[in-house]
Amino acid sequence: VQLQASGGGLVQAGDSLRLSCAASGRTSSINVMGWFRQAPGKEREFVAAIYWSGAPPLYAEPLKGRFTISRDNAKNTVFLQMGSLEPEDTAVYYCAADHSTASRIINYRFSQEYQSWGQGTLVTVSS
């Protein structure tokens, strides 16, 4: 599975932005797709994840209510709608996919659960 993220850019505080992540390859094997972000000098952190099966999505608690993850299964694309952006949201945003068939206990808030990663798209929020 290959992932291509897009939609990043420079916005002002309070603006909204939508990121997209298009999957290609063996997309029928995708279980979950997620978004992570990494701010300068910080570790990569979980943002949101969505199940291909339609189960309720997961969010990082501090971002719930401002960020919304959605998917278009027909286009194999996941979106991250970000609202009321703050300078603290400045980061490189990565999309990721779990397409493993291994039976295991999974916590999709952890990056190691994902096997494929996009190249990242930079979001800069100015104050």
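Small disclaimer: the values here were computed from a predicted structure and weren't measured. Positions are given from 1 along the sequence.
Pairing each heavy atom of Cys21 with each of Met33, the nearest pair is SG-CE, 3.6 Å. Closest approach of Gln81 and Ser16 over heavy atoms only: NE2-CB, 3.8 Å. When all heavy atoms of Ser84 and Asp89 are compared, the pair lying nearest together is O-OD2, 4.4 Å. Closest of all the heavy-atom pairs between Trp35 and Val78 is NE1-CG1, 3.4 Å. Between Ser127 and Ala13, the shortest heavy-atom contact is CA-CB, 4.3 Å. Residues Trp117 and Ser111 come closest through the heavy atom pair CZ2-O, 3.5 Å.
Residue Val125 forms a side chain to side chain contact (heavy atoms under 4.5 Å, CB included) with just one option from Val11, Leu17, Asp15, and that option is Val11. Among the candidates Glu88, Glu43, Glu45, the single residue satisfying the salt bridge (charged side-chain N to carboxylate O under 4.0 Å, His left out) test with Arg37 is Glu45. The only option from Tyr94, Tyr114, Phe110 that meets the ring-ring contact (aromatic ring centres under 6.0 Å, His included) definition with Phe36 turns out to be Tyr114.
Distance alone, capped at 3.5 Å, is enough to place a donor-acceptor pair between the Thr121 side chain and the Gly8 backbone. Panel note: side chain Ser116, backbone Val1; a donor-acceptor pair is recorded below 3.5 Å. Panel note: side chain Ser29, backbone Arg26; a donor-acceptor pair is recorded below 3.5 Å.
Of the N and O atoms on the side chains of Glu113 and Asn107, not one donor lies less than 3.5 Å from an acceptor on the other residue. Under 3.5 Å, the side chains of Arg71 and Asn73 contain a donor-acceptor pair of N or O atoms. Judged by distance alone, the side chains of Asn31 and Tyr51 never bring a donor and an acceptor atom under 3.5 Å apart.
Under a hydrophobic-cluster definition in which Ile, Leu, Val, Met, Phe, Trp and Tyr are linked whenever side-chain heavy atoms come within less than 4.5 Å, directly or via other members, Ile106 and Val32 are assigned to the same cluster. Note on Leu19: it clusters hydrophobically with Ile69, by side-chain heavy-atom contacts below 4.5 Å among ILVMFWY residues.
Here Ser24 contributes atom OG and Leu3 contributes atom CG; the two are 7.5 Å apart, rounded to the nearest 0.5 Å. Atom NZ of Lys64 and atom OH of Tyr59 lie 9.0 Å apart (nearest 0.5 Å). Note that OH of Tyr108 is 9.5 Å distant from CG of Leu58, once rounded to the nearest 0.5 Å. For the atom pair CZ (Phe79) and OG (Ser6), the distance works out to 9.0 Å, reported to the nearest 0.5 Å. Within the model, atoms OG1 of Thr68 and CD1 of Ile50 stand 10.0 Å from one another, a figure rounded to the nearest 0.5 Å. Once rounded to the nearest 0.5 Å, the distance linking OG of Ser126 with CG of Leu85 reads 10.5 Å.
Heavy atoms of other residues, nucleotides or ligands lying less than 6.0 angstrom from CD of Glu86 number more than 12.
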Checklist entry - Please walk me through it: do Leu63 and Val47 pass side chain to side chain contact (heavy atoms under 4.5 Å, CB included)? => result CA-CA 7 Å; Leu63 302 178; Val47 174; 3.7 Å; yes
